Amino acid sequence: MQVVLRPTADEASSLVARMIAKALRAKPDLVLGLATGTTMERLYGILGRMHREEGLDFSLVRTFNLDEYIGLAADDAHSYHYYMYNHLFRHINIDRRNTFLPDGMAKDLKSEARSYEEKILRCGGIDIQILGLGTVGHIGFNEPLSSFYSRTRDKSLTPTTVAQNSRMFEEPSLMPRRALTMGIGTILESKALILLATGKSKAEILAKAIEGPVTSMISATAIQLHHDCRVIVDEEAATSLQAREYYRWIYENEPEWEEYRGK
Ligand code: GLP
């Protein structure tokens with residue numbers, strides 16, 4: 001794992017956007033795993049701008065989102081289908097037929113989960129999975145005790161997650177208590193992972209997730225097991241990290257980051 005600290009949330013998000021852009025230029029039909037949440041809005045804003053101003057081409061890209069609420073239709077303003085359309089898809093030249101999210105309205109959730117996994121496989125697997133970090137330490141909606149071998153499935157949300165996310169709903173009681181989410185096993189099969197975390201509210205859980213012991217109580221610790229994982233954070237999110245100086249040194253000196261430095 002490599003951890004990169006950037007001074008602000010804008011700079012952290014812009015670094016992730018440039019990493020995605022580089023991968024996209026190398027492989028125009030990239031299979032990109034996407035996340036939702038307020039952290040990602042900044043990233044998607046930058047990708048939209050790169051499309052408009054630099055002609056970043058998404059025409060062949062395939063995308064798979066981590067999760068969706070059970071019981072919300074795609075046109076519900078609180079659904080992740082809607083979120084993705086609103087924050088990213090309508091701002092880029094992606095073919096909507098190549099964008100996939102689990103169907104939270106499916107009658108048979110088990111078979112929807114199975115078919116979602118099959119679609120990922122048919123596309124050749126996910127090249128880069130973007131991850132956020134929930135306050136409970138989840139990635140996707142993999143709540144505490146999610147098995148590291150888990151696959152896409154329906155999952156009940158913890159009170160902490162409900163408290164975190166219900167602020168997006170005008171009426172908090174309308175927030176679904178269950179979701180369909182990729183499993184930890186599904187996420188770990190992605191060829192590369194990029195976790196983006198910004199802001200003070202993430203500092204403690206981020207330190208546990210990347211420097212703490214691996215435990216299914218904090219599903220984000222599973223990323224420590226991935227062989228190709230980068231964690232990009234801003235200074236505020238980094239305040240509780242023990243090895244901050246080391247991470248700074250890596251970014252300033254490792255050849256991998258040279259092309260991004262000073263921009
Ligand atoms: C939701 C999503 C997660 C995401 C998290 C972070 O819970 N299911 O995938 O990482 O939100 O949200 P935010 O960026 O708003 O802190």
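Because the structure is a prediction, the values reported are computed rather than measured. As the structure lists them, so they are numbered: ligands from 1, and atoms in each ligand from 1.
- Remark: of the listed residues Arg62, Lys22, Lys27, Lys27 is the sole one forming a salt bridge (Lys or Arg N to Asp or Glu O under 4.0 Å) with Asp127.
- Ring centroid separation for the pair Phe141 and Tyr69 comes in under the 6.0 Å cut-off.
- Of the candidates Leu133, Thr39, Leu66, Leu133 brings a heavy atom nearest to atom 6 (C) of ligand 1.
- The protein heavy-atom contact nearest to atom 5 (C) of ligand 1 is His138 NE2, 4.0 Å.
- For His51, there are no ring-ring contact (aromatic ring centres under 6.0 Å, His included) partners at least two apart in sequence or on another chain.
- With a heavy-atom cut-off of 4.0 Å, Thr38 touches ligand 1 through backbone and side chain alike.
- Under 4.0 Å is where a charged nitrogen must lie from a carboxylate oxygen, and between Arg244 and Glu211 no such pair does.
- Using modelled atom types, no side-chain atom of His81 and backbone atom of Gly104 make a donor-acceptor pair closer than 3.5 Å.
- For the pair Met40 and ligand 1, no heavy-atom separation below 4.0 Å is found.
- Annotation for ligand 1: atoms under 4.0 Å from non-hydrogen atoms of Tyr80 are 1 (C), 2 (C), 8 (N).
- Looking only at protein heavy atoms, the nearest one to atom 12 (O) of ligand 1 is Gln164 NE2, 3.4 Å.
- In this structure, the protein non-hydrogen atom closest to atom 16 (O) of ligand 1 is Lys202 NZ, 2.5 Å.
- Closest to atom 9 (O) of ligand 1 by heavy atom, among Gly134, Gly140, Ser201, Ala197, is Gly140.
- Regarding atom 4 (C) of ligand 1, its nearest protein heavy-atom neighbour is Thr36 O, 3.7 Å.
- A heavy-atom separation below 4.0 Å is not found between Thr161 and ligand 1.
- With Glu117 as the fixed residue, the salt bridge (Lys or Arg N to Asp or Glu O under 4.0 Å) test singles out one of Arg153, Arg122, Arg151: Arg151.
- Near Gly132, meaning under 4.0 Å from any of its heavy atoms, are these atoms of ligand 1: 10 (O).
- Interface atoms of ligand 1 facing Phe141, defined by a heavy-atom separation under 4.0 Å, are 7 (O), 8 (N).
- Taking the six-membered ring where the residue is Trp, Phe100 and Phe64 present parallel rings, their angle staying beneath 30° rather than reaching 60°.
- Of the protein's non-hydrogen atoms, the one nearest atom 8 (N) of ligand 1 is Asp67 OD2, 2.8 Å.
- Ion pairing between a basic and an acidic side chain is recognised when a charged N comes within 4.0 Å of a carboxylate O; Asp10 and Arg42 show such pairing.
- By the 4.5 Å heavy-atom criterion applied to side chains, Val233 and Ile210 are not counted as neighbours.
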